[in-house]
Amino acid sequence: MLTAVSAWQEALSAEIQARFGVALEPAQIPFTFPPKTELGDAATTVAFALAKPLRRPPAEIAGALAGTRLPGVSEIRTAGGYMNLFLDRGWAVERLLSRGFLPAGVEGKIIVEHTNINPNKAAHVGHLRNAVLGDTLVRCLRYLGRKVEVQNYIDDTGVQVADVVVGFQRILGWKLEDVRNLIALMADFSETSGSFLFLQELIDRWHEYWREENLHRFGLNGLIPGQACPTPFPPAYDFFHGAMGRFDSFCWGLYARVAPWYALSDENKQARLDTLHLMEAGDNDTAEMAALIAEEMVRCHLRTMDWLGIRYDVLPHESDILKTGFWASCFEKLKASGAVHQVPAGSEDKNRGCWVMALQESEEFKGMSDADKVIVRSNGTVTYIGKDMAYQLWKFGLLGRDFHYRPFPGAPYPIWRTDAGTAMESSPAGEGATAAACAPSKASAVLSKASAASSESVILASEARPESRAGKEGFRTSRNDGMGTGAAEAETAGSTGAAALAPPHFGAGAGVYNVIDVRQSYLQKIVKEGLRQMDHEKEAERSVHYAYEMVALSTKFVRSEMEKGAHFELSEEELAKPFVEMSGRKGLGFQADLLMDRMKDRALAEIESREPELAKTDRAQWEHRAEALATAALRFYMVKYNKNQVVAFDLEQALAFEGDTGPYLQYACVRAENILRKAAEQGLAVPDPADPAALAECAPHFDEEGWGLLSLFMRVPIQVKMAVDSLDLNIVARQLYDAAQAFHGYYHHFPVIQEPDPAKRAARLLTVALFARLLREGLGQLLGIPVPDRM
RNA sequence: GCGCUCGUAGCUCAGUUGGAUAGAGCGUUGGCCUCCGGAGCCAAAGGUCGUGGGUUCGAAUCCCGCCGAGCGCACCA
């Protein structure tokens, strides 16, 4: 089906050919929007483009073309060289509702990889930017009709996990069993955490636990010489180590203490290497502890992101890339294509003995002093970049191998993780490898249901709509409310045996987006170059690094925290800069869950000040609304900036609910729906936008301002396309914000229910109804922002 | 040294790919709730778009130079 804009382009192209004898590709005809809606619904500047070849002034050309008949266009008015289109309003509304302004869809599955947090500490605001941008991209691609698979890569074998293991074993002196107990205790806490309502209770239980049985057993006090922190763990709702009662947060604090501990002696440093070796060897307590920590950490991260409506389809694990022989296959291909060569061991080259990829031939890397990139070290081990190339090949279905898969246990929704296949035989879980992997959990039940429903079309977890994904408690679900999957699925869990589960066919995408911050641009370029050198030019072209700038902490904010007693190793020079980079290793950052707690607390207070009764009568509703507000505030904050803008995180700015914020957009929607509700209560008929008769009746009575408001939504599909093409997703946020702002102005100036003229009133009710529907849809589908019924 | 990015109102940022009078939010000042919830609306003040050249009907946007800032350029991930 021809979309509106392309139909206009073709008609104009034909007209230009006929009238001026100039051949202009339809796609070359530029369509934009007038700066003010009263100037028109859409505009083209094609007359300017024709001025030069025709040697005639733009205004004259525009005038000559103004009579062109375009589908759905009732009039073309010229203003200088501009040609402003006024649409037939009934036609336009119909198109708005049927997505008639969407560009034509494209076939082929797109793989989006995002989040990718090292599973050794809590997520911080920088990870949130990654996840929100990644998820928003996914939503935009789906809106445009693409099929999307979402991957969250888990590096469960690296030094970061090893460091936390060292922290537990060597600094705290804990055994595998102690970590297991801690996780069990924390999991219990996690069910209720996330609100100040429960905070004191948590802190009390926490202190009781440590005081009564564990504090002196583990000898936790004053453990690390040379550390400024007087106690190993903060006593209360401490700012930077905060979010008490959460395992990921506990590890955040612990991890920050490992680097100083390494600095104490060479012996300590050796612990990292020893740990890495044990992890690699497997079949020992250290390796098991690492796996335990990584898995629980991923669970924490999944929950954090799920609260924001961010989901994944599959969790590729680095350990499985290694165990499944991905690298061996990739290495063969690299060697066979001549993309890598070995530097002779006897040479003077600093890379002697390594397998390197030569980059000097490539335009992208010219001017580099050292144009060779080491892929395999002289000791025969593969670098990160090599593993990433293998992963990238798999994403495009070029590797000739696949993972095995199993449900990821204990996730807040059904999700698959990779598996090495044979590794399960030696799994310590013991009770028969296959049965353990496919145990009848809620997750596997839902997954088997999904695959039973259709062996061809697979329901991906990340495709679930906000409306259906959240239980009745709303977005922020915890473990005890049905895992957010709804009651129906949960009921079937018990009756489903260890049925043969068929995971969807992961990987083999037609295009790939890697959402990774800009600091990795160089490495991502090399991965792309690797594809090219392996003669996969087409895939290299379709391999997109979505690079965005980092989130740092504004020094203003850091200073204010230090004045409140927070402790950081920062020089005066660093504090003189506008912002400081976050560092998990230093414990310098702001944890995601803590930010969300703060937002929720702020929202709870705001709601209570407006509706004091609610807090007393319906706490669940109170919290539900607060969570929706927090999600909106956070997601909008993360997406409203240009991707090239360093976000200097400032708590006060992030916590704002007024002005250019998520709640402002929700408020517009809530007010609109409230007007409709009030109208219905008073017995007024609200015209149904989908009813052609009602539409025909109302269309002549739209006020110009109301129409201008609705016409903003015609821009959305085009803006989304533009946002995806440029990866500047703030365009989408901005567009919906503009619409919300226009509505606030509109209803202040135009009474709806009070309007005495029935025809005008009906048209205004229709305007409000359309606005509410389009904004709610846009916020949910594009930005992942839920709208509560009331605020 | 080489490469990438940024510099727009007091502050934080937009600016629809070169187009219409450079716009929002915060903050400041002054108005607006017996009337669809004030998380809102209206108005005022606030700009040499870092700077100097160039390209053309037209430049915040493209090109070149300079000034200032950030990030990359490992046998780390």
Side-chain angles (χ1 to χ4, degrees), chain A residues 30 32-36 39 43 45 48 51-52 57-58 79-82 84 118 155 157-160 318 350-356 364-370 373-379 381 383-385 387-388 517-523 547 549-550 552 554 556 577-579 581 603 606-607 609-611 629 640-648 650 652-653 656-661 663-664 666-668 670-672 674-679 682 715 718-719 722-723 725-726 728 730-731 733-735 737-738 741 744-745 747-755 768 790-791:
Chain A
T32 59
F33 299 100
K36 287 177 182 171
L39 290 172
T45 54
F48 291 103
K52 198 163 206 178
Y82 293 98
N84 293 324
N118 273 313
D155 178 7
T157 60
V159 288
Q160 299 223 27
E318 178 151 302
K350 70 186 173 82
N351 293 333
R352 58 184 170 274
C354 300
W355 287 85
V356 301
E364 298 252 39
F365 298 92
K366 67 173 183 186
M368 287 190 51
S369 55
D370 177 11
K373 182 68 191 173
V374 173
I375 308 297
V376 179
R377 303 184 187 99
S378 53
N379 66 5
T381 58
T383 60
Y384 155 79
I385 198 86
K387 285 178 275 192
D388 218 31
D517 83 58
V518 70
R519 289 171 293 184
Q520 296 225 33
S521 293
Y522 170 69
L523 293 170
E549 265 292 355
M550 62 174 173
S554 81
K556 194 180 85 185
K577 293 178 176 178
F579 50 81
E581 199 173 338
E606 293 284 338
I607 293 164
S609 73
R610 289 168 175 78
E611 208 174 330
L629 274 145
K640 76 175 184 179
Y641 296 100
N642 186 294
K643 69 178 187 298
N644 293 327
Q645 188 78 33
V646 175
V647 173
D650 181 279
E652 282 311 308
Q653 270 177 29
F657 287 172
E658 289 167 11
D660 190 8
T661 66
Y664 177 91
Q666 290 175 311
Y667 189 61
V670 167
R671 288 299 304 274
N674 204 32
I675 290 171
L676 299 175
R677 185 164 39 236
K678 276 272 159 61
Q682 295 180 19
R715 308 179 180 195
I718 296 164
Q719 303 281 36
M722 202 181 291
D725 289 346
S726 66
D728 278 321
N730 64 324
I731 292 173
R734 193 58 53 180
Q735 184 61 48
Y737 174 75
D738 286 347
Q741 204 176 34
H744 279 301
Y747 76 77
H748 270 278
H749 294 293
F750 296 87
V752 179
I753 294 173
Q754 276 82 12
E755 169 57 43
V768 174
R790 294 175 59 84
M791 289 172 67

Novice: Does A/Asn644 put a side-chain nitrogen or oxygen below 4.0 Å from OP1 or OP2 of B/rC6?
Specialist: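 Answer is yes, contact under 4.0 Å.
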
Novice: Go ahead and name the base partner of B/rU28; Watson-Crick or wobble counts if both distances stay under 3.5 Å, otherwise write none.
Specialist: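 Paired with B/rA44.
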
Novice: Mind checking the P distance from B/rG53 to B/rA60? Whole angstroms is fine.
Specialist: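 Comparing P positions in B/rG53 and B/rA60 gives a spacing of 15 Å.
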
Novice: Describe the nucleic acid contact of A/Gln645 in one word from base, sugar-phosphate, nothing, applying a heavy-atom distance below 4.0 Å.
Specialist: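 Sugar-phosphate, backbone atoms only, no base.
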
Novice: Can you tell me whether the side chain of A/Gln719 and the base of B/rU16 have a donor-acceptor pair closer than 3.5 Å?
Specialist: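 Indeed there is one.
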
Novice: Taking N and O atoms by type only, does the side chain of A/Asn84 place a donor or acceptor under 3.5 Å from a partner on the base of B/rA20?
Specialist: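 Answer yes: a donor N or O sits under 3.5 Å from an acceptor.
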
Novice: Closer than 4.0 Å, any side-chain N/O of A/Lys556 to the OP1 or OP2 of B/rC11?
Specialist: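 No, outside the criterion.
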
Novice: So, OP1 or OP2 of B/rG25: does either fall under 4.0 Å of a side-chain N or O from A/Gln741?
Specialist: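 So the side chain of A/Gln741 is within the cut-off, an N or O lying under 4.0 Å from OP1 or OP2 of B/rG25.
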
Novice: Which part of the nucleic acid, if any, lies within reach of A/Val159 when heavy atoms closer than 4.0 Å are counted: base, sugar-phosphate only, or nothing?
Specialist: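 The answer is nothing, as A/Val159 stays clear of every strand by at least 4.0 Å.
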
Novice: Have a look at A/Pro30 and say if it touches a base, only the backbone sugar-phosphate, or nothing, with a 4.0 Å heavy-atom cut-off.
Specialist: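 Result for A/Pro30 = nothing.
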
Novice: Classify A/Asp738 by what it touches in the nucleic acid, base, sugar-phosphate, or nothing, heavy-atom distance under 4.0 Å.
Specialist: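 Nothing: the residue A/Asp738, judged by heavy atoms under 4.0 Å, touches no strand.
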
Novice: Given that both distances must come in under 3.5 Å, which nucleotide forms a Watson-Crick or G-U wobble pair with B/rA20?
Specialist: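 Across all strands, not a single nucleotide pairs with B/rA20.
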
Novice: Mind checking the C1' distance from B/rC67 to B/rG50? Whole angstroms is fine.
Specialist: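 Straight-line distance between the two C1' atoms is 7 Å.
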
Novice: Base, sugar-phosphate, or nothing: which does A/Ile753 touch, judged by heavy atoms less than 4.0 Å apart?
Specialist: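 Touches a base.
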
Novice: Tell me the closest heavy-atom pair linking A/Ala679 and A/Ile753, and the distance in Å.
Specialist: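 Looks like N-CD1, 3.6 Å.
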
Novice: Identify whether any heavy atom of A/Ser726 sits under 4.0 Å from a base atom; if not, whether one sits that close to sugar-phosphate; answer base, sugar-phosphate or nothing.
Specialist: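 Base: the residue A/Ser726, judged by heavy atoms under 4.0 Å, touches a nucleobase.
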
Novice: Categorize A/Arg715 for me: base, sugar-phosphate, or nothing, with a 4.0 angstrom heavy-atom threshold over every strand shown.
Specialist: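 The residue A/Arg715 makes no contact with any strand.
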
Novice: With both distances under 3.5 Å as the test, what is the Watson-Crick or G-U wobble partner of B/rG3?
Specialist: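 Its partner is B/rC71.
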
Novice: Give one of base, sugar-phosphate or nothing for A/Ala552, where a contact means two heavy atoms less than 4.0 Å apart.
Specialist: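 Counting heavy atoms under 4.0 Å across all strands, no contact is made by A/Ala552.
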
Novice: Among the nucleotides B/rC41, B/rU17, B/rG37, which one has an atom lying closest to any side-chain atom of A/Met791?
Specialist: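 Given the options B/rC41, B/rU17, B/rG37, the side chain of A/Met791 is closest to B/rG37.
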
Novice: Mapping A/Leu629 and A/Leu39 onto RNA chain B by nearest heavy atom, which one lands closer to the 5' end?
Specialist: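 Residue closer to the 5' terminus by nearest nucleotide: A/Leu39.
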
Novice: Looking across every strand, which nucleic acid part, if any, lies under 4.0 Å from A/Val768 by heavy atom: base, sugar-phosphate, or nothing?
Specialist: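 Touches nothing.
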
Novice: Just the rounded figure in Å: distance from P of B/rG37 to CZ of A/Arg677.
Specialist: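 Distance check: A/Arg677 CZ to B/rG37 P gives 9 Å.
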
Novice: Under 4.0 Å between a side-chain N/O of A/Asn674 and OP1 or OP2 of B/rC36, yes or no?
Specialist: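 No, outside the criterion.
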
Novice: Between the base of B/rC75 and the side chain of A/Ser378, is one N or O donor paired with an acceptor at under 3.5 angstrom?
Specialist: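 In this structure, the two groups form a donor-acceptor pair.
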
Novice: Can you check the A/Leu523 CG to B/rA74 C1' distance for me, whole Å?
Specialist: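 Atom CG in A/Leu523 sits about 10 Å away from atom C1' in B/rA74.
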
Novice: Among B/rA20, B/rG37, B/rG70, which nucleotide sits nearest the side chain of A/Phe579?
Specialist: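 For the A/Phe579 side chain, the nearest candidate turns out to be B/rG70.
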
Novice: Counting only side-chain N and O atoms of A/Tyr667, is one of them less than 4.0 Å from OP1 or OP2 of B/rA39?
Specialist: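 Yes.
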
Novice: A/Ile385 and A/Leu523: which non-hydrogen atoms are nearest, and at how many Å?
Specialist: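 Closest approach of A/Ile385 to A/Leu523, heavy atoms only: CD1-O, 3.4 Å.
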
Novice: Which is true for A/Asp388 with a 4.0 Å heavy-atom rule: it touches a base, it touches only sugar-phosphate, or it touches nothing?
Specialist: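 Touches nothing.
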
Novice: Quick check on B/rG25: is either OP1 or OP2 less than 4.0 Å from any side-chain nitrogen or oxygen of A/Tyr641?
Specialist: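 Indeed not, no polar side-chain atom of A/Tyr641 lies that close.
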
Novice: B/rG37, B/rA77, B/rC36: which one has an atom nearest the side-chain heavy atoms of A/Asp155?
Specialist: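 Shortest atom-to-atom distance from the side chain points to B/rA77.
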
Novice: How far, in whole Å, is B/rG72 from B/rU55 if one measures between their P atoms?
Specialist: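 Rounded to whole Å, the distance is 39 Å.
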
Novice: A/Arg790 near the nucleic acid: base, sugar-phosphate alone, or nothing, with a heavy-atom cut-off under 4.0 Å?
Specialist: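 Result for A/Arg790 = base.
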
Novice: Looking only at side-chain atoms of A/Ala43, point me to the closest of B/rC41, B/rA20, B/rU17.
Specialist: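 Of B/rC41, B/rA20, B/rU17, B/rA20 is nearest to the side chain of A/Ala43.
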
Novice: With the side chain of A/Ile675 defined as its heavy atoms from C-beta on, choose the nearest nucleotide among B/rG40, B/rA39, B/rC36.
Specialist: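 The nucleotide sitting nearest to the side chain is B/rC36.
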
Novice: Just checking, is any N or O donor in the side chain of A/Arg677 or A/Asn674 under 3.5 Å from an acceptor N or O on the other one?
Specialist: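 Per modelled atom types, A/Arg677 and A/Asn674 side chains form a pair under 3.5 Å.
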
Novice: Taking B/rG3 as the reference, what is the distance to B/rA43 when you measure between their C1' atoms (whole Å, please)?
Specialist: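 Roughly 49 Å separates the two C1' atoms.
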
Novice: Return the pairing partner of B/rU51 with a 3.5 Å limit on both distances, Watson-Crick or G-U wobble; otherwise return none.
Specialist: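 Checking every strand shown, B/rU51 finds its partner in B/rG65, with both distances under 3.5 Å.
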
Novice: Determine, for A/Lys556 against A/Glu652, whether the closest basic-nitrogen to carboxylate-oxygen distance falls under 4.0 angstrom.
Specialist: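 Looking at A/Glu652 together with A/Lys556, the answer is no, because their closest N to O distance does not fall below 4.0 Å.
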
Novice: State the pairing partner of B/rC33; accept Watson-Crick or G-U wobble contacts with both distances under 3.5 Å, and report none otherwise.
Specialist: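 WC or wobble partner does not exist here.
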
Novice: Taking the side chain of A/Met550 as its heavy atoms from C-beta onward, which of B/rC13, B/rC71, B/rC57 lies nearest to it?
Specialist: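 Within the option list, the nearest is B/rC71.
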
Novice: May I ask you to evaluate whether A/Arg734 reaches the phosphate of B/rU16, defined as a side-chain N or O under 4.0 Å from OP1 or OP2?
Specialist: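 Answer is no, no contact under 4.0 Å.
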
Novice: Could you tell me whether B/rC33 is syn or anti, where syn means a glycosidic angle within 90 degrees of zero?
Specialist: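 Because its glycosidic torsion lies within 90° of 0, B/rC33 adopts the syn conformation.
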
Novice: Would you indicate which nucleotide in B/rG15, B/rA77, B/rG70 comes nearest to any side-chain atom of A/Thr383?
Specialist: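 Given the options B/rG15, B/rA77, B/rG70, the side chain of A/Thr383 is closest to B/rA77.
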
Novice: Taking the six-membered ring for Trp, are A/Tyr664 and A/Tyr737 parallel (under 30°), tilted (30 to 60°) or perpendicular (over 60°)?
Specialist: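 Tilted, since the angle between the ring planes falls between 30° and 60°.
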
Novice: Would you measure the distance from the C1' atom in B/rA14 across to the matching atom in B/rC57 and give it in whole Å?
Specialist: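 Taking atom C1' in both B/rA14 and B/rC57, they lie 27 Å apart.
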
Novice: In whole angstroms, how far is the C1' atom of B/rC13 from the CG atom of A/Asp728?
Specialist: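 To the nearest whole Å, that distance equals 13 Å.
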
Novice: Think A/Asn642 has a side-chain N or O under 4.0 angstrom from the OP1 or OP2 of B/rG15?
Specialist: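 Yes, within the criterion.
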
Novice: NA contact type, A/Lys387, heavy-atom cut-off 4.0 Å: base, sugar-phosphate, or nothing?
Specialist: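 The residue A/Lys387 makes no contact with any strand.
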
Novice: Map A/Lys640 and A/His748 onto RNA chain B by nearest heavy atom, then report which one ends up closer to the 5' terminus.
Specialist: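 Looking at the nearest nucleotide for each, A/Lys640 comes out on the 5' side.
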
Novice: Taking B/rA22 as the reference, what is the distance to B/rG47 when you measure between their P atoms (whole Å, please)?
Specialist: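 About 14 Å, rounded to a whole number of Å.
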
Novice: Distance between the P atoms of B/rU61 and B/rU5, in whole angstroms?
Specialist: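 After rounding to an integer number of Å, I get 16 Å for this pair.
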
Novice: Side chain of A/Val752, heavy atoms from C-beta onward: which of B/rG15, B/rG70, B/rC36 has the nearest atom to it?
Specialist: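 Output: B/rC36.
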
Novice: Might you point out which heavy atoms bring A/Ala547 and A/Lys643 nearest each other, and give the distance in Å?
Specialist: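 Of all heavy-atom pairs spanning A/Ala547 and A/Lys643, the closest is O-CD, 3.5 Å.
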
Novice: If you only use heavy atoms from C-beta on, which nucleotide in B/rG40, B/rA24, B/rG37 is closest to the side chain of A/Val670?
Specialist: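 Shortest atom-to-atom distance from the side chain points to B/rG37.
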
Novice: Quick one: A/Lys643 NZ to B/rU5 P, roughly how many Å, whole number?
Specialist: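 So the two atoms are 10 Å apart, to the nearest Å.
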
Novice: Determine the interatomic distance between C1' on B/rG10 and the same-named atom on B/rA45; round to the nearest Å.
Specialist: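 To the nearest whole Å, 12 Å.
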
Novice: Which part of the nucleic acid, if any, lies within reach of A/Ile718 when heavy atoms closer than 4.0 Å are counted: base, sugar-phosphate only, or nothing?
Specialist: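 The residue A/Ile718 makes no contact with any strand.
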
Novice: Name the nucleic acid region contacted by A/Phe657, choosing base, sugar-phosphate or nothing; use a 4.0 angstrom heavy-atom cut-off, strictly under.
Specialist: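 If one applies the 4.0 Å heavy-atom cut-off, A/Phe657 turns out to touch a base.
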
Novice: Just to confirm, is there a sub-4.0 Å distance from OP1 or OP2 of B/rC41 to any side-chain nitrogen or oxygen of A/Arg671?
Specialist: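 Looking at the OP1 and OP2 atoms of B/rC41, neither is under 4.0 Å from any side-chain N or O of A/Arg671.
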
Novice: Just compare B/rG15, B/rG40, B/rC36 and give me whichever is closest to any side-chain atom of A/Glu658.
Specialist: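 Per side-chain heavy atoms of A/Glu658, the pick is B/rG40.
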
Novice: I would like to know whether A/Arg734 and A/Asp660 meet side-chain contact (heavy atoms from CB on, under 4.5 Å); could you show each step before the answer?
Specialist: CA-CA 9 Å; A/Arg734 193 58 53 180; A/Asp660 190 8; 3.6 Å; yes

